[in-house]
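Indexing begins at 1, ligand by ligand and atom by atom, following the structure's order. Since this is a predicted model, take the numbers as computed values, not measurements. Along the sequence shown, residues are numbered consecutively beginning with 1.
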Amino acid sequence: MNTSTRSHLQDLAIFGNAPAFAEKVHVGRPNFGNRERLLSRINDMLDRNWLTNDGPYVREFEKRLAEFLGVRHCVAMCNATISLEIAIRALGLTGEVIVPSFTFVATAHSLQWQEITPVFCDIDPKTHNLDPLQVEKMITPRTSGIIGVHTWGRACDIGALEEIARRRKLELMFDAAHAFGCSYKGKLIGGFGRCEVFSFHATKFFNTFEGGAVLTNEGELAEKMRLMRNFGFSGYDNVIYIGTNGKMTEVCAAMGLTSLESVEHFVEVNRRNHLIYGRELEGIPGISLMAYDAGERANYQYLILEINELEAGLTRDEFVTVLAAENVLARRYFFPGCHRMEPYRSYFPHSALMLPETERLCRRVMALPTGTGVDQEAITRICQIIATAVSNAPAVKARLAESSSRGTAA
Ligand code: T4K
């Protein structure tokens with residue numbers, strides 16, 4: 001039997017067929033630049049015997065990033081979570097800070113870690129980003145700032161958030177973890193608000209193994225963050241701020257410099273994959289592929305589907321199970337929402353009432369594999385699984401219910 005065809009109900013792995021993919025297909029498989037260039041950089045690093053602490057690769061990486069993004073200062077760090085923590089502290093945020101709940105939990109944790117309360121605000125269901133009208137409602141006398149998240153790389157309504165921040169005298173910064181290479185009104189993200197934070201984690205389309213950076217046009221702020229990432233040292237023996245260890249290593253910067261040389265290629269592959277998914281999924285009831293604004297630059301790194309259960313006949317979770325049986329590990333980012341994770345669930349047990357759109361989206365969204373590890377044939381096969389499941393939704397649903405009542409994975 002040809003295990004790769006999934007056009008009939010009985011072809012599906014939940015009915016006992018072999019999985020469509022022999023190996024697991026992941027969301028977030030890393031992209032690599034030129035291996036020889038990376039290894040030669042690592043060799044040079046070893047010859048130099050300089051491994052971390054503001055080394056030459058980190059400096060070069062910061063310079064290249066700032067140039068690429070058109071922002072004055074770049075402070076590279078060990079990851080985006082520490083970058084967020086340092087930026088939050090350097091801006092002097094206190095009390096309460098407004099953030100979306102529909103984000104990776106690091107956005108909220110970077111506040112709570114320093115005993116600042118993340119106040120979860122609802123999103124606009126069309127953009128998946130902070131809804132400025134709701135932001136306004138969440139402001140209290142304790143609010144010191146707003147952190148917008150450019151979810152999936154699609155920019156927040158920056159103009160509206162800037163206007164609120166100005167009028168209500170709040171600090172504004174952005175978690176741009178997803179948004180490297182994306183634009184807002186034609187300008188690359190990186191220079192908006194007081195500062196913006198990027199993630200270069202292995203699962204990001206542009207990675208430094210682990211890594212992050214804060215970009216800002218403010219020299220004093222950049223300098224403060226530079227010291228804070230190195231325990232607050234200003235020269236030997238002289239500590240002038242509370243600080244932490246947020247330094248990027250040389251090997252990470254070497255990876256970053258190498259990734260940067262291929263970044264346009266990674267975007268092109270993601271864009272091509274997005275087009276293929278769009279074509280293959282077209283017309284399947286209840287399945288919508290999240291679009292990127294054709295008038296802006298995008299990195300297309302997240303392949304996001306929204307499932308309308310009534311039209312598709314299956315829930316998002318049922319699709320995740322069907323795909324997992326085929327070795328396709330779709331992800332439920334950012335289920336169940338930060339407000340339903342600890343410690344926030346205990347601190348604010350009723351916050352779901354204020355977050356109807358977040359709640360709805362958390363039940364509907366599914367991320368599918370893309371990036372350089374996924375080719376046209378794999379995408380066609382993944383989409384065929386989805387199409388076959390939808391056209392046979394009642395039987396699929398019954399099969400999944402039967403497996404779950406038997407306590408077996410479908
Ligand atoms: N703000 C936002 C909005 C974020 O999305 C994130 C991170 C942050 C802040 C914080 O950034 P960092 O501090 O991480 O720089 C992943 C990533 O760990 C996380 O960086 C990312 N967002 C989030 C959206 O996704 P998980 O728990 O889903 O990742 P994980 O480890 O399950 O990896 C996903 C898949 O990727 C795996 O199934 C296998 C594959 N994989 C992963 C790694 C690490 C590989 O094939 N190779 C690898 O080396 O969180």
Aromatic plane relationship, Phe180 with Phe198 - under 30° parallel, 30 to 60° tilted, over 60° perpendicular: perpendicular

Ala176 backbone acceptor or donor facing His150 side chain under 3.5 Å: no

Residue, atom name and distance, where the atom is the protein heavy atom closest to atom 46 (O) of ligand 1: Arg29 NH1, 2.5 Å

Any N/O pair Thr81/ligand 1 closer than 3.5 Å: yes

Test of proximity, Ala80 against ligand 1: N or O pairs below 3.5 Å: yes

Those atoms of ligand 1 less than 4.0 Å from some heavy atom in Gly211: 15 (O)

Among Thr107, Thr81, Thr151, side chain to side chain donor-acceptor pair (under 3.5 Å) partner for Asp175: Thr107

Under 3.5 Å: donor-acceptor pair, side chain of Thr216, backbone of Ala222: no

Atom 1 (N) of ligand 1 - nearest protein heavy atom and its distance: Asp175 OD2, 2.7 Å

Of the listed options Val149, Thr107, Val27, closest to atom 35 (C) of ligand 1 (non-hydrogen atoms): Val27

Partner of Met255 under side chain to side chain contact (heavy atoms under 4.5 Å, CB included), chosen from Thr249, Ile42, Asn207, Leu260: Asn207

Atom 25 (O) of ligand 1 [closest protein heavy-atom partner, distance rounded to 0.1 Å]: Tyr333 OH, 3.4 Å

salt_bridge(Arg279, Glu282) N-O dist < 4.0 Å: no

Atom 4 (C) of ligand 1: the protein heavy-atom neighbour that sits closest, reported with distance to 0.1 Å: Phe104 CB, 3.3 Å

Polar side-chain atom of Thr103 near backbone of Pro100 as donor-acceptor pair, under 3.5 Å: no

N/O separation below 3.5 Å, Phe334 to ligand 1: no

Lys/Arg cation over aromatic Phe21: Arg381, 6.0 Å, 45° cone: yes

Thr103 N/O to ligand 1 N/O under 3.5 Å: no

Residue of the set Trp152, Tyr300, Phe205 for which ring-ring contact (aromatic ring centres under 6.0 Å, His included) holds with His274: Tyr300

Under-4.0 Å heavy-atom contact with ligand 1, by part of Glu210 that carries it: neither

Ligand 1 contact by Gly373, heavy-atom criterion under 4.0 angstrom: no

Ring-face cation contact, Phe335 with Arg316, 6.0 Å cut, 45° max: yes

Contact with ligand 1 for Gly212, non-hydrogen, under 4.0 angstrom: no

Protein heavy-atom partner closest to atom 5 (O) of ligand 1 - residue, atom, separation in Å: His178 NE2, 2.8 Å

Winner among Glu85, His26, His109 once heavy atoms are compared against atom 39 (C) of ligand 1: His26

Quiz item: cation-pi between Lys185 and Phe192, 6.0 Å / 45°: no

Flag, side chain of Asn217 to backbone of Arg72, donor-acceptor distance under 3.5 Å: yes

Structural part of Phe200 in contact with ligand 1, heavy atom criterion under 4.0 angstrom: neither

Contact check: Gly28 vs ligand 1, nitrogen or oxygen atoms, below 3.5 angstrom: yes

Atom 18 (O) of ligand 1: any protein heavy atom closer than 4.0 Å: yes

Ligand 1 contact on Thr151 by region, counting heavy-atom pairs under 4.0 Å: neither

Shortest heavy-atom approach to atom 21 (C) of ligand 1 - which of Lys204, Arg331, His201: Lys204

Charged tip of Arg340 within 45° of Phe348 ring normal and under 6.0 Å: no

Shortest protein heavy-atom distance from atom 33 (O) of ligand 1, along with the residue and atom involved: Thr203 CG2, 3.5 Å

Ligand-side contact atoms (ligand 1) for residue partner Ala106, heavy atom cut-off under 4.0 Å: 8 (C), 9 (C), 10 (C)

Protein contact to atom 15 (O) of ligand 1 [nearest heavy atom, distance to 0.1 Å]: Ser199 OG, 2.8 Å

Nearest-contact summary for atom 47 (N) of ligand 1 - protein heavy atom, Å: Pro30 CD, 3.4 Å

Under 3.5 Å donor-acceptor, Ser101 side chain and His339 backbone: yes

